[in-house]
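What follows is a short report on a single structure.
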Amino acid sequence: MAPWLTNKSDELGVLSEIVAKLKDSDPRFRYAWDWFRLLLCTRPDEDFTEPSAPDTWDSARRAAGYRAMDGTTVKSEGERWVANFLYLHGVSYEYERPYTYDTADAEHRQYHPDFYYPDIDVWHEHWGLDADGNPRPGWTDYLDGMERKRQLHRQHGTTLVETTWAEVMHGDGLSRLEKELVGHGIRLHWDPDRAPVRGVKVVTDADLLRLVRTFMLHVKANSLDRQEVRRRLGDGLVRNRRRTSIFLDLYWPIHDAWQARLADGGYVDFEDMLVQAADHLESGRYVSPYRLVMVDELQDASQARARLTRALVSQPGRDLLAVGDDWQSINRFAGADLSVVTGLHDQFGPGPTVHLTTTFRCHQSISDTAARFVMKNPAQVRKTVVSVHDRPTDQAAHEGVRLRTVASATEVFRAIGDFLTQLRDAIHEGAIVADSVSVDVLGRYHQDRGLMPHAAPPEIRLAFHTIHSAKGLEADYVVVPNLSAGSYAFPSRIADDPVLALAMAGGDTYPHAEERRLFYVALTRARRGVLLISPEHNPSPFVTELLQDGLVRDVGLRPVATPCPGCRVGVLRQRSGRNGHFWGCSTFPACTYTCNALPGKRSSTSTSANRRPAF
């Protein structure tokens with residue numbers, strides 16, 4: 001086994017060395033790596049008929065929009081890609097500058113082209129057209145408007161360059177734009193290290209390295225070669241074929257260099273070892289003497305492990321006993337494939353299935369909440385879990401699954417501290433019959449360790465774990481301290497990239513499917529109670545869902561947030577406008593629902609949610 005594979009950081013370090021050497025030896029690879037990382041990694045699932053929701057508010061235009069790397073707020077995702085491309089190439093531009101000539105008349109406002117390049121006096125329109133040249137359904141007169149704008153440029157002799165949504169998002173539109181700008185005299189200076197304005201996140205080298213490694217794990221686990229991956233691409237397993245093709249052009253040189261490094265040291269990695277062992281069994285070069293094969297934690301199995309297991313039991317008289325819980329399948333990043341569990345009989349043939357439906361850890365109230373939450377995904381195996389512990393008869397704030405909302409992240413320390421003090425007092429008063437209790441704070445990320453209080457009462461055994469590392473552990477009480485929305489939140493928006501569909505046996509398309517299972521694992525680490533901590537104005541969609549379903553109770557001084565009726569993702573919060581106070585969705589500008597009073601409190605008027613932007 002290669003020595004660098006015993007530590008995750010060493011493993012990514014070797015990948016980083018490989019990529020660095022490829023960048024040094026091949027300028028085209030270096031450019032393509034940064035091009036994919038900075039321009040193609042974000043918003044990979046953008047759809048023409050269902051565009052992504054806007055993420056910022058332009059107070060000057062009083063309109064929702066999309067924030068580019070230079071801080072400009074544009075009207076669409078496609079325009080953001082263009083703006084980021086220009087920023088990274090050092091191209092000076094003005095967004096929606098008024099056209100040089102007065103075009104306003106009784107039927108039209110003054111014309112504002114999308115981009116203007118002052119250094120070369122060239123205008124640029126980014127059209128909202130699909131691959132067939134059609135606008136979105138419902139966009140009446142859009143094509144007529146395009147022709148009118150083109151006519152204005154012809155009439156006044158101004159230069160116009162054009163791109164379309166389909167070309168930029170799924171084709172070579174940015175490359176074509178680059179050639180046109182150069183042809184008009186622009187000098188482009190590619191600077192992948194140019195920092196975005198504060199608050200704008202970009203994909204890092206480490207993020208992309210993790211994607212490459214995850215893709216490699218599944219390629220190897222499924223014994224895929226270039227031809228098979230290309231065939232899968234041709235079969236339409238991913239939506240954006242051009243983006244995926246660029247990723248594959250990056251991936252295969254890294255794959256080859258990884259294999260060469262293994263060969264130079266006489267090593268194998270774990271996936272190769274599994275595949276080679278299965279080859280020996282399937283070819284008959286080795287015959288297993290074992291009549292019974294037992295597999296634990298089946299939900300963590302990759303396709304390579306499944307293949308090896310099938311080979312071990314393929315001879316007559318062999319039996320398989322497998323134990324696993326599809327609700328706890330949380331290791332896709334390490335090669336785990338949920339379909340090994342959910343498609344068990346397809347892979348290994350018919351046989352009896354025994355559902356282990358008794359839990360000896362959680363109270364029934366925790367078990368019920370966790371089960372109802374995870375089974376929202378229809379792909380999960382349906383089962384009923386019964387606790388050996390009675391449901392708590394009291395309504396103590398330390399029992400069951402409870403929620404505390406805080407004004408900001410700075411209050412998380414106090415919320416955890418209050419909970420620990422509450423537990424200490426319950427021990428002293430006899431409400432908890434024990435001398436001490438254990439409390440695990442479970443973070444979605446390692447950085448959540450920084451939310452831990454500096455000290456705990458002597459009656460409290462306090463520890464921090466990431467949720468992934470807490471699998472298999474248990475404590476009397478669990479605290480999940482950062483249930484917020486955003487990039488580094490829960491559920492994580494750094495989701496599995498669509499390119500992984502090329503290398504996996506079966507997809508997992510339910511929204512936040514693996515994050516949902518991860519949350520289930522967090523809840524079920526607790527024997528007695530769970531405290532969820534969520535920011536009042538930026539709650540996790542999971543919190544909103546629990547509130548809507550009545551699965552969580554509030555224990556804080558602040559009132560429980562009201563789920564937004566418009567999008568059912570955010571919660572309503574009070575805001576101020578030109579006409580006074582009103583209630584609006586916490587996900588604004590993605591959702592624009594507003595009302596004068598909280599639903600059910602008083603009569604209210606509202607506006608509909610999820611206004612879709614232009615392209």
Side-chain angles (χ1 to χ4, degrees), residues 48 51 54 56-130 133-136 138-169 171-189 197 589 611-615:
F48 187 68
T56 192
W57 177 255
D58 188 335
S59 56
R61 292 193 294 113
R62 296 193 61 79
Y66 302 76
R67 197 177 191 203
M69 292 175 67
D70 62 359
T72 301
T73 298
V74 297
K75 290 181 178 178
S76 73
E77 188 67 72
E79 288 183 353
R80 171 156 57 185
W81 281 33
V82 171
N84 288 345
F85 166 84
L86 298 172
Y87 177 72
L88 291 168
H89 282 89
V91 177
S92 175
Y93 72 92
E94 297 177 38
Y95 183 67
E96 290 198 332
R97 169 177 168 165
Y99 189 50
T100 304
Y101 301 94
D102 184 11
T103 63
D105 56 29
E107 297 180 2
H108 304 96
R109 294 178 296 176
Q110 174 63 30
Y111 175 36
H112 291 74
D114 295 325
F115 299 91
Y116 174 69
Y117 304 107
D119 294 342
I120 55 175
D121 190 26
V122 169
W123 304 87
H124 174 189
E125 283 285 5
H126 177 73
W127 308 117
L129 301 178
D130 64 15
N134 298 317
R136 281 187 63 201
W139 283 11
T140 58
D141 302 325
Y142 188 82
L143 296 177
D144 291 340
M146 288 176 54
E147 184 53 37
R148 174 180 174 273
K149 294 171 183 178
R150 288 166 172 162
Q151 178 58 35
L152 287 173
H153 287 283
R154 289 192 293 265
Q155 176 184 342
H156 296 289
T158 49
T159 303
L160 174 69
V161 297
E162 305 176 38
T163 54
T164 71
W165 179 90
E167 292 171 345
V168 167
M169 304 297 283
D172 62 349
L174 294 178
S175 298
R176 290 177 56 255
L177 176 62
E178 178 179 3
K179 293 177 182 178
E180 286 203 61
L181 293 178
V182 169
H184 287 294
I186 285 283
R187 298 184 62 183
L188 280 72
H189 303 281
V197 298
R611 297 173 187 159
R612 289 302 187 183
F615 285 85

Nearest 0.5 Å, what's the [atom1]-[atom2] distance between [X] and [Y]?
X: Leu177; Y: Trp81; atom1: CG; atom2: CH2; result: 14.0 Å
X: Met146; Y: Asp141; atom1: CE; atom2: CG; result: 13.0 Å
X: Glu79; Y: Glu125; atom1: CD; atom2: CD; result: 8.5 Å
X: Thr56; Y: Tyr66; atom1: OG1; atom2: OH; result: 11.5 Å
X: Thr73; Y: Arg80; atom1: OG1; atom2: CZ; result: 9.5 Å
X: Arg150; Y: Leu160; atom1: CZ; atom2: CG; result: 7.5 Å

Worked verdict on Leu86 versus Leu181 for side chain to side chain contact (heavy atoms under 4.5 Å, CB included) = CA-CA 10 Å; Leu86 298 172; Leu181 293 178; 3.9 Å; yes
Sorted by first residue and then second, give each salt bridge (Lys or Arg N to Asp or Glu O under 4.0 Å) pair with at least one member in residues 81-102; sequence neighbours left out.
->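 Sorted pair list: Lys75-Glu96, Glu94-Arg97.
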Sequence neighbours left out, what passes side chain to side chain contact (heavy atoms under 4.5 Å, CB included) with Thr100? Give chain and number order.
->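 Side chain to side chain contact (heavy atoms under 4.5 Å, CB included) list for Thr100, sorted by chain: Trp123.
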Derivation and outcome, side chain to side chain contact (heavy atoms under 4.5 Å, CB included), residues Leu143 and Leu129 = CA-CA 9 Å; Leu143 296 177; Leu129 301 178; 4.0 Å; yes
Where [X] and [Y] come nearest, the two heavy atoms and their spacing:
X: Pro118; Y: Tyr116; result: CD-O, 3.3 Å
X: Glu180; Y: Val161; result: OE1-CG1, 3.3 Å
X: Ala68; Y: Val197; result: O-CG2, 4.5 Å
X: Tyr142; Y: His126; result: OH-O, 4.4 Å
X: Met169; Y: Gly78; result: SD-CA, 3.9 Å
X: Val182; Y: Leu188; result: CG2-CD1, 3.6 Å

In chain order, what residues pass the side chain to side chain donor-acceptor pair (under 3.5 Å) check against [X], with sequence neighbours excluded?
X: His124; value: Tyr117, Thr163
X: Asp119; value: none
X: Arg154; value: Glu147, Gln151
X: Tyr93; value: Asp70, Thr72

Could you pull out all residues at least two apart from Arg148 that satisfy salt bridge (Lys or Arg N to Asp or Glu O under 4.0 Å)?
->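 Per chain and number, Arg148 pairs via salt bridge (Lys or Arg N to Asp or Glu O under 4.0 Å) with no residue.
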Quick one: list whatever passes salt bridge (Lys or Arg N to Asp or Glu O under 4.0 Å) with Glu167, sequence neighbours left out.
->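 Checked Glu167 against salt bridge (Lys or Arg N to Asp or Glu O under 4.0 Å); matches are Arg176.
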With Tyr111, which residues qualify under ring pair (Phe, Tyr, Trp, His ring centres under 6.0 Å), at least two apart?
->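 Result, ring pair (Phe, Tyr, Trp, His ring centres under 6.0 Å) vs Tyr111: Tyr99, His153.
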Backbone of Ala83 reached by a side-chain donor or acceptor of Tyr95 within 3.5 Å |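 No, Tyr95 side chain to Ala83 backbone: no donor-acceptor pair under 3.5 Å.
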